[in-house]
Colleague: 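Right, I'll just put the structure down here and ask away after.
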Amino acid sequence: MPEVKQEWRKILLVGCYERMDVEDQLVRADCCVVKTDRGAAAVVCAKHDSFSAAVLVSTGREMDPAETALNLKDIQPSMEIIILTDRTLDQEAAVQA
């Protein structure tokens, strides 16, 4: 029986490092993870390397997730983009208002 080769997925993880559970899950799924903490750095990475997908957790103040996603799509149109949001922050802001 021929051996089936599993293709590694190279994932660009953009976000704060407090959400390490996301990285752990990607590694357990046999993904090669490249991390960056800002959207601008993610755009630079995408210009120099090829990725299967980008997971945007938090992109910092200089770029919002939508802008980062659009810039990444411009560079690599076939890249899958996943945006993760933390709704508890929205709920806390609403309570404080």
Side-chain angles (χ1 to χ4, degrees):
M1 184 176 230
E3 186 177 318
V4 177
K5 269 190 168 178
Q6 182 175 357
E7 186 178 315
W8 276 74
R9 288 183 47 121
K10 193 169 192 178
I11 307 295
L12 180 59
L13 178 59
V14 184
C16 58
Y17 295 123
E18 297 167 5
R19 299 283 305 260
M20 297 303 282
D21 54 330
V22 174
E23 180 185 6
D24 291 342
Q25 290 176 14
L26 290 169
V27 170
R28 275 188 244 129
D30 289 330
C31 295
C32 175
V33 178
V34 175
K35 298 184 294 185
T36 182
D37 61 347
R38 294 174 311 166
V43 169
V44 171
C45 284
K47 287 180 180 178
H48 298 293
D49 208 347
S50 180
F51 295 93
S52 303
V55 177
L56 309 178
V57 179
S58 170
T59 55
R61 292 188 176 146
E62 81 279 352
M63 264 190 217
D64 65 17
E67 183 179 356
T68 301
L70 291 172
N71 287 333
L72 291 173
K73 273 295 198 186
D74 285 344
I75 296 166
Q76 294 185 26
S78 64
M79 182 189 304
E80 181 180 359
I81 306 290
I82 302 163
I83 300 175
L84 300 178
T85 60
D86 187 354
R87 303 201 84 184
T88 58
L89 296 175
D90 293 338
Q91 292 169 351
E92 290 172 5
V95 168
Q96 291 176 356

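Bear in mind the structure is a predicted one, so any value in this text is a computation, not a measurement.
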Colleague: Is it true that a side-chain atom of Asn71 and a backbone atom of Glu67 form a donor plus acceptor pair closer than 3.5 Å?
Modeller: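 It does hold such a pair.
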
Colleague: Could you check Leu72, Asp64, Leu12, Leu84 and say which one makes a side-chain contact (heavy atoms from CB on, under 4.5 Å) with Leu56?
Modeller: Leu72

Colleague: Could Glu80 and Arg9 be called an ion pair, given the rule that one side-chain N must be under 4.0 Å from one carboxylate O?
Modeller: yes

Colleague: I'd like to check the side chain to side chain contact (heavy atoms under 4.5 Å, CB included) partners of Val44; sequence neighbours left out, ordered by chain and number.
Modeller: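 For Val44 the side chain to side chain contact (heavy atoms under 4.5 Å, CB included) partners, ignoring immediate neighbours, are His48.
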
Colleague: I'd like to know if the side chain of Lys73 and the backbone of Met79 have a donor-acceptor N/O pair within less than 3.5 Å.
Modeller: yes

Colleague: Find out whether Ile11 and Phe51 are in side-chain contact, i.e. whether some heavy atom of one side chain is under 4.5 Å from a heavy atom of the other.
Modeller: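 Result no, sub-4.5 Å side-chain heavy-atom pair not found.
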
Colleague: For Ile75, enumerate each residue passing the side chain to side chain contact (heavy atoms under 4.5 Å, CB included) test, keeping only those at least two apart in sequence or located in another chain.
Modeller: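 Only Val43, Ala46, Lys47 meet the side chain to side chain contact (heavy atoms under 4.5 Å, CB included) criterion with Ile75.
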
Colleague: Leu70: which residues meet the side chain to side chain contact (heavy atoms under 4.5 Å, CB included) condition with it, sequence neighbours left out?
Modeller: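 With neighbours one apart ignored, the set is empty.
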
Colleague: Rounded to the nearest 0.5 Å, what separation is found between the SG atom of Cys45 and the NZ atom of Lys35?
Modeller: 12.5 Å

Colleague: Hey, is the main chain of Ala53 close enough, under 3.5 Å, to the side chain of Gln76 for a donor-acceptor pair?
Modeller: no

Colleague: Is the closest side-chain heavy-atom distance between Val34 and Leu13 below 4.5 Å?
Modeller: no

Colleague: Distance from Cys32 atom SG to Lys10 atom NZ, nearest 0.5 Å?
Modeller: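 Reported value, rounded in 0.5 Å steps: 5.5 Å.
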
